[in-house]
Amino acid sequence: MLFLSPLLLWFLAAASVPVAIHLINRRRHKTIQWAAMRFLLKATRESRGKKKLRHILILTCRTLALAALALAAARPVISGLTGWGGGSIDTVVLLLDRSASMEIRPGDGLESRRQIVLEKVRDVIGDLKPARLVLIDSAGGNPQEIPSPDVLAELSATAATDSGADFPAMLARAAEFLTEAQGRSEVWLVSDLQRASWRPDDERWHSARAALLALPQKPSLRVLSITGPTAANASVSLLSSRRTGGELLLDLEIQRSGEARGNSTIPLTTRINGGTTTDSLTVPGQSLRFQKRIPLPADTESGNGWVSIPADGNPRDNVAFFALVRRATSRAIATACFWGLPS
Amino acid sequence: MKHDFLDSVLLSRLGSLPIESRVPMMGNVAGKHRSPHRGSSVEFAEYRKYVAGDDTRRLDWKAFARSDRFYIKEFEADTNLRAYFVVDASGSMAFAGKGEPKIQYARRIAASLAYLLVNQGDAAGLSICTDKLHLEVPPSRRAAHLERFFSTLAKLEPSGETGLLDALHTIAEKIGQRAFVVILSDLFTDPAALGDALQHLRYRKHDISVFHLMDPLEIGFEFDRPHRFVDLEDGTVLVAEPTLIAEEYKSSLREFLSAVRAKCHDAAADYQLVTTDTPLEPLLRDFLTARMPKSKH
């Protein structure tokens, strides 16, 4: 049996807690002078059988429940009926979410969710040793065979993107691929479970399910989710931009992560046609919408630029790009061609 | 009051209630209680036929005039009552869980009833029993005697195993005349043997009352964690988880209580199961009222 979070197996020690409490309680007894001893002795003799067995069973159940919780927290990867070396998998189809949210880091100084989950996948698949590993990433969408799980993190097909993910489409694509695959197969969905990526109301889930059920050998589906706490994050997005007279008006929005409270001062850097300026913004609460006016030199015809905030929990949402052009004047040119006219 | 087991307020409240005997008593002086013999009280008992040798002064001439037969008119004889308080002083009587120690409760009952008895002209005696000791204070009607009764009760220290059965058999054999025997004990002994002892008393025509004293904790058996139980009588130690054995304990105790009750009823004893948190006044008031003849209620 393999575990995605083997460190959490240390919590198996918690299974001994009920036994420890039982033993401590037995030692914690209070002494009492007792008169009706004959009934006590008789009761003790009578309760030795069933009661003791029931007590042991309850204790065992508590111990097993805690052990099961610890095992579940360690996220076991079970193959085959029993999970103990029972199955040899021929094909693993890896559906990788490469959306921008996968670049969120669980904490300061840690790697992004995408990098963490790729490492786990590499370790687990390295242990499972399937015959084929096929990757369908959310940006490319086409199946590509991976020669070794060790190269997963180095592939451009597993690199960060700013795009979203479409799991119904990816699953349908996996089902399509598996029609040609032989032997036992598993489909691994690697994601941070963002609603925008999973689209639970999408009708295509039905067709994807039907396609998977129609396969001659039904694959097992495994969701490798990576969620949990994240490092503090702020994002900047451009809502609209327009040019009025000699100014460029940018409607911007800065959002802070859900746990953010109070005011926060964030430096906002603006770069346009090579010139850079930095302003300080005070963001009250979790979001701030504002309009930024950028004066343009009189002879500016076109250009581009970006606004950015400092790197934080998710480096993929710290920059917003924009372009400016002078509105083209519509001109109509009437032309007439005359063929066959004598010169 | 000099002794802490005597409550003057309680005694003054109960003073108006007489302690009646449920069976005719055989006292040595005149008193308030019925005697099995005919006597010279004002209360008519019965007519019986004249036999040769009867005192002709007791002939009822009116009955002779009506029936032309000789009848002797008989009257009830009133006598006094002698009470024996048998107090179990075994180690188990020292138990105090939620109520006061059982021995203290027994002291209060014995002292209060003895005071009331002597106050109405009857005699009260005390018998204290353990497996090693059988101490007796003979019954007496004198008020000065009460002080000896009370001081013996006050010095009482429960210890050892119970000697109640031997004490009951001894009393049954020793007391020649009918008496009022009050047993104050937790009765932690074999119910069958207890039944034999009570039958022995009944055979001697004694009026038996049993106050079966139990602590509320002994009946409820409410504990929230393991306890090391040490027997008050022989020092046996048992470490147990009360929640695991409570059901069996209560069932065993219920069985014992019903066996004791049945044995008491078989011996026509007045049985009262009393928990030591019961207020004494209503207990004694009900006890005395229940003993009164129906006509006096």
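The structure displayed is predicted, hence computed values, not measured ones.
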> With a 4.5 Å limit on heavy-atom distance, are the side chains of A:I32 and B:L217 in contact?
Replying inline: yes

> Highest number of heavy-atom pairs under 4.5 Å with chain B: which of A:L40, A:T44, A:L41?
Replying inline: A:L40

> What is the minimum heavy-atom distance between B:I245 and A:A43, and which atoms define it?
Replying inline: O-CB, 3.8 Å

> How about A:R209: does its CZ atom have over 12 heavy atoms from other parts shown lying under 6.0 Å from it?
Replying inline: no

>> Can you confirm whether A:K42 sits close enough to B:E255 that some side-chain heavy atom of one is under 4.5 Å from a side-chain heavy atom of the other?
In response: yes

> What are the two closest non-hydrogen atoms of B:F229 and A:M37, and how far apart are they?
Replying inline: O-CE, 3.4 Å

> Heavy-atom distance under 4.5 Å to chain A: side chain of B:T189, backbone, both or neither?
Replying inline: backbone

> What are the two closest non-hydrogen atoms of A:F39 and B:S252, and how far apart are they?
Replying inline: CD2-OG, 3.5 Å

> B:K102 versus chain A, heavy atoms under 4.5 Å apart: side chain, backbone, both or neither?
Replying inline: side chain

> How long is the span from the CZ atom in B:R228 to the NZ atom in A:K30, to the nearest 0.5 Å?
Replying inline: 14.0 Å

> With under 30° as parallel and over 60° as perpendicular, where do the rings of B:F223 and A:W34 fit, or are they tilted in between?
Replying inline: perpendicular

> Are A:R38 and B:E233 close enough for a salt bridge, meaning some N to O gap below 4.0 Å?
Replying inline: no

